[in-house]
Protein chains: 2
Amino acid sequence: MADTRQRLIDGAIETIRERGITGTSARTIAAAAGVNQALVFYHFGSVPELLRQACLAATEARVAPFLARMDQVGSLRELLALGRELHAEERAAGNVTVLAQFLAGAQADPELAAATSAALHLWIDALERTLDRLLAGSPVAELTDTPGLARTVAAAFIGLELFEGVDPEGGQSALDALDRLAVLTEVIDDLGPIALRALRAKLRRSTA
Amino acid sequence: MADTRQRLIDGAIETIRERGITGTSARTIAAAAGVNQALVFYHFGSVPELLRQACLAATEARVAPFLARMDQVGSLRELLALGRELHAEERAAGNVTVLAQFLAGAQADPELAAATSAALHLWIDALERTLDRLLAGSPVAELTDTPGLARTVAAAFIGLELFEGVDPEGGQSALDALDRLAVLTEVIDDLGPIALRALRAKLRRSTA
DNA sequence: GTCTATACAGCGATAGAC
DNA sequence: GTCTATCGCTGTATAGAC
């Protein structure tokens, strides 16, 4: 059955979610999937290879339902609100730390790093498209590149997820601060010509 | 000798740096420290307890030399520059992922989470003091709380470190984007009264 | 394709010699 | 305080029955 492959992938995600990267092994994954331990090696050859495929599959499944919602976002503030929604849903579902665990495990494993990077880019690319659309015509677009900004936002989001894992209240206050700070970008947009002139002057000075 | 304790703590950091949290055990730590494996249990009782103490000790040693430099920072832009310096030095020394590895391991271990949180707060508290000083009198201070902002910045920094581990070029472009975006905060400060009025109006509308 | 059985290495932790 | 030796357990991975 091709069903066993899927059960192992699901089991891998479930295990990494509930026991972290340190508690994930062929035995614990197989137990979660309800199949025999040897099947991990029959179907995937090794544990890291199973994790690699599970990382991509899981992220794809997570990103998909958010793509449509990102297209409907009309401002940076709304994007941040969607981010908080995403954050809340993922946390409730217990998925928050999955990608973060992969990220940590990937630091010492080049192959897992490549897979994690690819998975992250599913988020980053969507974010980049949204930022491009939102920032078109804004003075902010003139002083930053959206590819870099998208990576910053995605990385910061991951950092916040991890931080909340060790300090839930601190993570909450960080998100609140970001939310209030988002007003700032709206003000920039509203000021329009004045801000634009000031920004350009500033840029000339700082890059000279 | 009390020296063995220190060697084990150093060995723990070295191991977690070079082999990640998944490759860290009493045996690998003892090998790095050049002492017998049983001494881990004699001196610390368990591996997690050694990691807990190593996490705090290592962070303290890292934070100390930066405290004076943070006091000399005069603007948000300079603070960001110091952040990039810190980033570069840590990366060159190979320390970048150490705290991140603790953070990931802590997601599934409450005791390690408490220690990691305490270690992170060594950074956060220093950051908070600096932000308080820099933002005094700025309109930005009116629409955000520095405690939350300090946590956001620290969390984002960690996220960037982890991200750079799986995608070095992407991490670089993210840092570049941040750098260019820092000009924005200076513009806000420069606009002074005008921006302040706009921000207040905006705040009234958005919180109503 | 799935199972049992088994190999061998590495793990945390303890006992006891020195 | 440090070492050797050892326990029992869990890890990856393979061989072979079904």
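Side-chain atoms are counted along with the backbone in the values below, which use heavy atoms only and exclude waters and symmetry mates.
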### Message
Is the ring pair His87(A)/Phe157(A) parallel, tilted or perpendicular, if the boundaries are 30 and 60 degrees?
### Response
perpendicular
Counting N and O atoms only, with roles assigned by atom type, does the side chain of [X] sit under 3.5 Å from a partner on the main chain of [Y], one being a donor and the other an acceptor?
X         : Y         : result
Ser117(B) : Ala113(B) : no
Asn36(B)  : Ala38(B)  : yes
Thr116(A) : Cys55(A)  : no
Arg17(B)  : Val98(B)  : no
Gln101(A) : Ile21(A)  : yes
Thr59(A)  : Leu99(A)  : no
Arg133(B) : Val73(B)  : yes

Interatomic distance, [X] [atom1] vs [N] [atom2] [rounded to whole Å]:
X        : N       : atom1 : atom2 : value
Leu51(B) : dC11(C) : CG    : C1'   : 14 Å
Leu50(B) : dC11(C) : CG    : P     : 14 Å
His43(B) : dG12(C) : NE2   : P     : 17 Å
Phe44(B) : dG12(C) : CZ    : P     : 15 Å
Asp3(A)  : dG1(C)  : CG    : C1'   : 12 Å
Glu49(A) : dT12(D) : CD    : P     : 15 Å

#### Entry: Residues in contact with DNA chain C, drawn from residues 12-26 of chain B - heavy-atom cutoff 4.0 Å
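Listed by number, they are Ser25(B), Ala26(B).
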Contacts table for residues 171-178 of chain A: side-chain donor-acceptor under 3.5 angstrom, sequence neighbours left out:
| unit_1 | atom_1 | unit_2 | atom_2 | d |
| --- | --- | --- | --- | --- |
| Ser173(A) | OG | Gly170(A) | O | 3.0 |
| Asp176(A) | OD1 | Arg84(A) | NH1 | 3.2 |
| Asp176(A) | OD1 | Arg84(A) | NH2 | 3.3 |

### Query
Looking only at side-chain N and O atoms, does Thr4(B) come under 4.0 Å of OP1 or OP2 in dG1(D)?
no
### Task
Could you work out which one of dT12(D), dG11(D), dG12(C) sits closest to the side chain of Val47(A)?
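Of the options given, the side chain of Val47(A) lies nearest dT12(D).
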### Query
dG10(C) base to Arg27(B) side chain: any donor-acceptor pair below 3.5 Å?
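When only heavy-atom distances are counted, Arg27(B) does not reach the base of dG10(C) through any donor-acceptor pair under 3.5 Å.
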### Message
Contact list please: residues 33-42 of chain B against DNA chain D, heavy atoms, distance less than 4.0 Å, in numerical order.
### Response
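Heavy-atom contacts with DNA chain D come from Asn36(B), Ala38(B), Leu39(B), Tyr42(B).
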